[in-house]
Amino acid sequence: EIHKKFECRAWVTGLMRPFNSTEFLKSVVEQFYINFLQEEGKEEKAALGTQVLKIMGMTKKIYFAHEFKKFLKERSYFIVLNDILTIEEWDRIKACFPDNKKGSLILVSTEQIGVASLCVGAENGAPEHKQLFADQTLHVFYKKGSQDGKDLTEAGCSSQVNTASSDSSAGRKMFNRTETMLAAFKESRLIGRENEKSDILKLIANDNSRQREVICLWGMGGIGKTTIIRDIYQSEELAGNFDKRACITIMRPFNPQELLKNLAMQMECKDVEDLVKKLEVKKYLIVLDDLLSTTEWDALIPSFPATETSSRIIVTTRIKDIAKHCSKNSEHEKIYELKSLGQNDARDLFIEKVFDRTTNFYEQYPELVEQANLILKKCKGLPLAIVTIGGFLANQPKTAVEWRKLNEHISAELEMNPELGTIRTILMRSYDGLPYHLKSCFLYLPIFPEDYRIGRGRLARRWSAEGYSREVHGRSAEEIAGSYFMELISRSMILPSQQSIRSTKGIDACQVHDLMREISMSKSLEENLVFTLEQGCSVNTQGIARHLAINGNWERDKTEFESTVDMSRVRSVTVFGKWKSFFISDKMSLLRVLDLEDTTGLYDHHIKHIGNLLHLSYLSLRGCDDILHLPDSLGDLRQLETLDIRDTQVMMLPNTIIKLRKLQYLRAGGNSTNENVSYEEGVLEEIPHIMRNRLCLLPQCLLFSYLLSKDRDDLKIHDKCTMICCAILPAFAMCLDLYGVLVPRRMRKLKALRTLGVVNIGRRGKDVVQDIEGLTQLCKLGVTGVNKENGQELCSAVVGLRRLESLSIRSEGKPGLCDCLEGKFSFSETLQSLKLYGNLVKLPEWIQGLKNLVKLKLRSSRITEHDAAIQVLGNLPNLAFLHLLEKSLEGEEVRLNFQQGTFLSLVVLELSMGLEERLKSVKFEHGAARKLEVLKFGTRIYSGVLSDLRYLASLKEVLLKDYYTDYELACLRAELTEDPRRPIVKWV
């Protein structure tokens, strides 16, 4: 059949290196001639042989190549190329053969998977792939549409890989990398990556630099790094720009000498020494795909000379810290994070993989839309997952029942289904590469429900309480745990859920990708770490895990709870949803963490005997708004390090709290749900006018307290009495700021405290301030109830806190902070964050001395000297976040002018003063706020107010709130169009 289909045939082995096109073509022509002679008795073959002899007799290269192409132009040919080493070899060979539309075929055999895929050609779209044998030692890549690869004579190229035994350790590592590379080809073509490709090409093609530069692309496994770099490497934009090019996928186990030898072959050098010599004088492009450690980079970089030839090295890695390490010696750090596909691009990729590109999915398959959305939700924009699952579903019945089965059993499918196993293999490589301490942290995450937003601080304090981190060289265990959080982000094991514009630390919360969560759940179950009580869990399962999580949909009784959970082993209990009294037992003698954040139905009597949990290190009642009073038994928790009672109704801490000598983190008081809402609007307006700003008559207090509590049918009589006596009555009788708590005397005994807030110093203010002064380890402090009697003492006490990093001072309403903070004070150089909530009229003089201040928030400060305030703040050299919130500025006409040379470090500016039409102008002079990236308006900005935004050289986003007319939006966009970067406008 081959003889009939192809007139000209040749099998080429043992290519001459360096490649010589004339010698190569001569060997091909010789085989043509021999084949023609073997087909005796056919006159047409004899005539072809004569033509071939004529070609062989030509001596000049240019005529030889011309006649060869001319000869093949009208004839079908079949060429087998054995042992192609590099894509550069293939590019030079391919140029010798015309695409004559005669059904001709070139079959390439290679040990390099990257070469095998690239030979098919980016112009043909992503290659199709088939595994030819069960042991996965032979794979084929072919042009899409060529009979699904069933007939190898239609294949574009084939690849033989990893023929070594997979029983050896090295063989297994090689096999894993093979799976990784195959997965890269499953990520399909660049759907939704046009902007990323353009950005990376700009980094590579920087004509202004003749230095050797390193461009690092990082992102989680399966995100498409290899796909986009492969496409860029073959792109027309880079063709001909470099004298020498090579693309290497780093194999495991890592062997730098073998890798450099491969590079030398790709660049047609005799050996590694010859490679280094040529790179010293040539402009080169080298791609190093899948770097896993800084050690690997350090072993390779000495062989790549840093000459002024505009050479470029591209590195792909899963780990951000490796990307930073690789680019640290470049003139400009060039690190690019490849993120998940957007919703629309993910949908398009999925539909293309499951159906034909032209399919109108929503009209033709409306019954599948719901299940498709659930699948895409699990994939969360991960191209590998989308393509692999889409390819699997393409060969399944297209019914809602089949797709629902996949959604409901995704964990089992990932583990058992060989067609989906690639996803698990790739993601498991990221887990396997974690150091031991990070594996423990990662396997802790299944405690939290799917898509749950996990706070960075909450997680770090829990890890610390569990013993996952320890104090090292003056850094607290919480700080060390916080670094673990960032390392998991860097390694793409967890995803930042919100790069908060309010956070000086950048990332303050995370989520776990659904597919990564499946892996963490599976591994955690193997290690007996996390057991989750949830709807559908088997009552016959004995939960012997260390960490117990109880979801809100679990509705069984005490008997089933006690028969299911081995309470003697439990180290942590986390409740999501409604509380039941039997969730805690004296049998939990080893309990270290009790996290009841946002639990409903939890009342004071439920925690009366909390002191029996002697090993408790972490207790969170945050958001339990039915908790009014803490029991005295709290003082028995001598191991307690974290106590979080924010957003409860607790107004006073028990006297026994001073026994907690290991306590490091104490947060209490209410948090305003809207930072822009001032105290006057959020609290005072809810209090009857007769009861404001003075001691109330007892009958009035009792009557108002009764009215607040009488409709609480869910409260027992004892709880109602507690609510009146411990919360409502004291709050109104003493006119307490509801955002703070009263603390007992001798708080200075809590020497380990690093975080304290929010403390109400309005009563016994001087005594409380003296206690605060003795807490020399404090890094974060929040106080309220500041007045003229205690303001100066507070400032003096703060001066002595030489480790303080964050300070919040609140006294809203009138007179507020007016004349309370005046004086010349020299606060610690460590102070980075400052919040001042209350009537100031003018900025305190000491603010201008805060040279290391990074974040400042002002609210209800009613500053009237606008220009002077902006000038002072503009001269703070490290101020990066400035939030001017509700009533921070006051006046009939407010004009803000950001002058040249001011706000040199500002990244985020929020203007939410609530001035409406009284804000007449916001102007930026040339050279002002040159690093500003985010400009947020919390209240309406009228047309004509903004001017000269074009001078904000780094502006990326303008965030809006409130309603805008079409005309106002048009004016705003007209102002922004003058900026060549065209910042994005978003509503928040």
Side-chain angles (χ1 to χ4, degrees), residues 630 643 650-661 663 666-670 679 693-695 726 730-828 831 834-841 844-847 849 860-861:
L630 296 180
L643 176 60
V650 175
M651 306 298 298
M652 294 178 284
L653 297 181
N655 291 331
T656 56
I657 199 169
I658 63 174
K659 297 179 181 180
L660 307 180
R661 304 300 170 84
L663 195 63
L666 173 56
R667 293 292 299 275
Y679 178 75
N693 298 323
R694 66 183 181 89
L695 288 176
C726 296
F732 292 128
M734 293 186 286
C735 294
L736 295 181
D737 183 336
L738 301 183
Y739 294 138
V741 293
L742 297 177
V743 296
R745 289 184 173 87
R746 301 189 298 279
M747 284 289 287
R748 65 170 53 231
K749 290 186 176 183
L750 303 181
K751 296 294 185 182
L753 268 180
R754 297 173 61 86
T755 298
L756 175 62
V758 174
V759 175
N760 191 332
I761 64 173
R763 301 186 65 81
R764 293 189 299 100
K766 292 186 179 181
D767 293 338
V768 177
V769 167
Q770 287 177 4
D771 281 335
I772 290 175
E773 189 174 11
L775 301 175
T776 56
Q777 300 297 311
L778 277 182
C779 297
K780 188 170 185 175
L781 172 64
V783 296
T784 188
V786 181
N787 54 45
K788 290 183 179 180
E789 295 179 3
N790 57 40
Q792 299 294 307
E793 286 80 2
L794 174 65
C795 290
S796 297
V798 169
V799 168
L801 302 177
R802 307 316 294 174
R803 297 189 177 193
L804 196 66
E805 298 175 3
S806 175
L807 175 63
S808 172
I809 300 177
R810 182 199 303 264
S811 185
E812 298 185 79
K814 293 182 179 179
L817 296 174
C818 186
D819 297 328
C820 297
L821 307 178
E822 294 303 316
K824 294 184 178 181
F825 298 101
S826 180
F827 289 174
S828 171
L831 189 63
L834 176 64
K835 297 179 183 178
L836 296 177
Y837 291 176
N839 186 26
L840 284 170
V841 181
E845 185 178 350
W846 45 262
I847 281 187
S860 302
S861 44

Heavy-atom distance under 4.5 Å between the side chains of L834 and F827, does that happen here?
no
Contacts of C818 that satisfy side-chain contact (heavy atoms from CB on, under 4.5 Å) - sequence neighbours left out:
N839, V841
Say you draw a straight line from NZ of K835 to CD1 of I809; how long is it, rounded to the nearest 0.5 Å?
12.5 Å
Side chain to side chain, Y837 and T784, heavy atoms closer than 4.5 Å:
no
Measuring from L643:CG to L630:CG, what's the distance to the nearest 0.5 Å?
6.5 Å
Option from V798, L753, V783 for which side chain to side chain contact (heavy atoms under 4.5 Å, CB included) with I772 holds
V783
Tell me every residue that passes salt bridge (charged side-chain N to carboxylate O under 4.0 Å, His left out) with K751, counting only those two or more places apart in sequence or in another chain.
none
In short, R802 meets S828 closest at the heavy-atom pair O-OG, 2.9 Å
Please list, chain by chain and in numerical order, all residues satisfying salt bridge (charged side-chain N to carboxylate O under 4.0 Å, His left out) with R746, sequence neighbours excluded.
none
Between CD of E805 and CG of L781, what distance do you get to the nearest 0.5 Å?
12.5 Å
With side chains defined as the heavy atoms from C-beta onward, is the minimum distance between P744 and I657 less than 4.5 Å?
yes
Looking at every non-hydrogen atom in both residues, tell me the closest pair between G774 and R748 and how far apart they are.
CA-NH1, 4.0 Å
Excluding sequence neighbours, so at least two apart, what forms side-chain contact (heavy atoms from CB on, under 4.5 Å) with D819?
K788, E822
With heavy-atom distances below 4.5 Å as the criterion, would you say the side chains of L836 and L821 are in contact?
yes
If you measure from CG on L778 to CZ on R754, what distance do you get to the nearest 0.5 Å?
9.5 Å
Among all residues two or more places apart in sequence or in another chain, which pass the side-chain contact (heavy atoms from CB on, under 4.5 Å) test with K766?
E793
With sequence neighbours left out, the residues meeting side-chain contact (heavy atoms from CB on, under 4.5 Å) with R745 are R764, D767
Please name all residues satisfying side-chain hydrogen bond (donor to acceptor under 3.5 Å, both in side chains) with Q777, sequence neighbours left out, ordered by chain then number.
R803
List the atom of W846, the atom of G823, and the distance in Å for their closest heavy-atom pair.
CD1-O, 3.5 Å
Set of side-chain hydrogen bond (donor to acceptor under 3.5 Å, both in side chains) partners for N787, sequence neighbours left out:
N790
If you look at every heavy atom in L804 and K780, which pair is closest and at what distance?
CD1-N, 3.9 Å
Show the nearest heavy-atom pair for residues S796 and F825, with the distance to one decimal.
OG-CE2, 3.7 Å
State the CG-CD1 distance between L663 and I658, to the nearest 0.5 angstrom.
12.5 Å
Which heavy atom of L801 sits nearest to which heavy atom of L775, and what is that distance?
CD2-O, 3.3 Å
What residues form a side-chain hydrogen bond (donor to acceptor under 3.5 Å, both in side chains) with T656, not counting sequence neighbours?
none
Separation between CG (L666) and CG (L660), nearest 0.5 Å, reads 9.0 Å
Under the salt bridge (charged side-chain N to carboxylate O under 4.0 Å, His left out) test, residues paired with E773 that sit two or more places apart:
none
